[in-house]
Amino acid sequence: MTARRIAVVSAGLSNPSTTRLLADRLISATLRALGDTGEGIETEVDVFELRDYAHDITNNLLTGFAAPALETMINTVVSADAVIAVTPIFSTSYSGLFKSFIDVLDPDALTGKPVLIGANAGTARHSLAIDYAIRPLFTYLHAEPVSTGVFAASSDWGASGDQVAPLGERIERAARELADAIARRSPTVEADPFDPGNYLGDGRSFGHLLGGLAGE
C-alpha cells in the first residue's frame, strides 16, 4: 500500500512553543486514529516550523521567487495527502507569519486537500478565531478543513482547563476526522517533473512541440 504523507505547518515564534506542542499532539492523535482504521495505512509526517523560513517567505513576497529551501518545503506541503496547520492567535486572528506563508502558495495548491486546523492563544476569548478567520481562509483555497478545529488556551494545558470539552477529547475527535478523510482519499501521486506529458499534454512529446513551432 502506498504510504500517505501528512505535512504539518506550525507558525509558533518561540522555541519551544505551545503552537508546536499542540501540533505534536495533533500528529500523535492522527497517527493513532489512522492505526485504528484497520486498513494498515502507512504514514509519513513532515513537520515545518515557519519561523525557520520567515526570511525566505518575506523575500518571496517581495520578489515573487522562493529560495530553494522554501520551494522544497512548499512542494512537500502541497503534495501531501493531508495538512495539519497550527497558528498562534494574534489580535483575534491568525499570525502574520502564517498568513504570509499562505500568501506565497498557489491559490489552487490545496484544492480538495483535507486540513486539520489548530490554534492557540493565552485566553479562551479567542476560541472562535478558528471558525471566523482560519476556516474561511482554507475554504477560500478550496481545501477541505475537517469539521472539528482544535483551539487551546493557556489554561487548557493545566488542571483548570475546559471540563466540558477537554483539550484531549477535542484533539482525538479532530484526529479521527482527519484520519477518516485520509482513508477515503486515494494516495496523492507526485507528478514527474521530467515527464513531458505533465506540461505538454497526454500523448504529446517534444516532437509535437517542435513541429508546432515549425508550423507543421
Side-chain angles (χ1 to χ4, degrees), residues 3-34 43-106 109-110 113-122 126-127 129-130 133-135 137-138 141 143 145-146 149-154 156-157 167-168 170-171 174-175 178-179 182 188 190:
R4 310 299 176 86
R5 293 192 303 105
I6 300 174
V8 182
V9 177
S10 172
L13 299 181
S14 59
N15 184 22
S17 71
T18 52
T19 304
R20 176 58 188 270
L21 178 60
L22 177 57
D24 287 343
R25 289 194 58 179
L26 292 171
I27 294 168
S28 297
T30 300
L31 293 178
R32 287 195 302 271
L34 283 168
T43 311
E44 300 173 0
V45 179
D46 295 293
V47 183
F48 300 103
E49 294 272 8
L50 290 187
R51 60 186 174 78
D52 295 336
Y53 300 87
H55 293 291
D56 287 343
I57 290 171
T58 300
N59 289 336
N60 192 356
L61 291 171
L62 294 173
T63 66
F65 296 97
L70 176 60
E71 183 176 16
T72 298
M73 186 267 272
I74 291 174
N75 289 339
T76 301
V77 172
V78 302
S79 65
D81 295 283
V83 173
I84 296 175
V86 188
T87 177
I89 299 300
F90 296 149
S91 301
T92 75
S93 187
Y94 37 69
S95 71
L97 178 58
F98 183 81
K99 182 56 165 59
S100 294
F101 170 68
I102 296 297
D103 286 343
V104 302
L105 299 179
D106 184 282
L110 299 180
K113 197 175 300 296
V115 178
L116 195 169
I117 300 170
N120 65 285
H126 297 305
S127 60
I130 285 181
I134 308 173
R135 188 179 301 279
L137 178 63
F138 283 103
L141 295 173
V146 299
V150 180
F151 176 86
S154 295
D156 282 317
W157 301 106
L167 178 60
R170 286 178 274 136
I171 288 174
L178 184 64
I182 293 172
T188 299
E190 294 188 52

Under 4.5 Å between any side-chain heavy atoms of [X] and [Y], yes or no?
X    : Y    : answer
L167 : W157 : yes
N15  : E49  : no
T76  : R5   : yes

For a quick test of reading the model, state the closest non-hydrogen atom pair linking [X] to [Y] and the distance between them.
X    : Y    : result
L26  : G118 : CD1-CA, 4.4 Å
A152 : L22  : CB-CD2, 4.2 Å
A175 : A33  : O-CB, 3.8 Å
G149 : I130 : C-CD1, 3.8 Å
P16  : S14  : O-OG, 3.0 Å
I57  : V104 : O-CG1, 4.0 Å

For V8, which residues count as a side-chain contact (heavy atoms from CB on, under 4.5 Å) partner, sequence neighbours excluded?
->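 Partners of V8 by the side-chain contact (heavy atoms from CB on, under 4.5 Å) criterion, ordered by chain and then number, come out as I6, A23, I27, V45, V47, I84.
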At what distance, to the nearest 0.5 angstrom, does [atom1] of [X] lie from [atom2] of [Y]?
X    : Y   : atom1 : atom2 : answer
I171 : S28 : CD1   : OG    : 9.0 Å
M73  : D46 : CE    : CG    : 11.0 Å
I134 : F98 : CD1   : CZ    : 6.0 Å
T18  : D24 : OG1   : CG    : 11.5 Å
H55  : N60 : NE2   : CG    : 14.5 Å

Residue pairs involving residues 87-103 (criterion salt bridge (Lys or Arg N to Asp or Glu O under 4.0 Å); sequence neighbours excluded) =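 As it turns out, the salt bridge (Lys or Arg N to Asp or Glu O under 4.0 Å) pairs with a partner in residues 87-103, which skip direct neighbours, are K99-D103.
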Result block: side-chain N/O donor-acceptor pairs under 3.5 angstrom for residues 85-92, not counting sequence neighbours:
{"residue": "T87", "atom": "OG1", "partner": "S95", "partner atom": "N", "Å": "3.3"}
{"residue": "T87", "atom": "OG1", "partner": "S95", "partner atom": "OG", "Å": "3.4"}

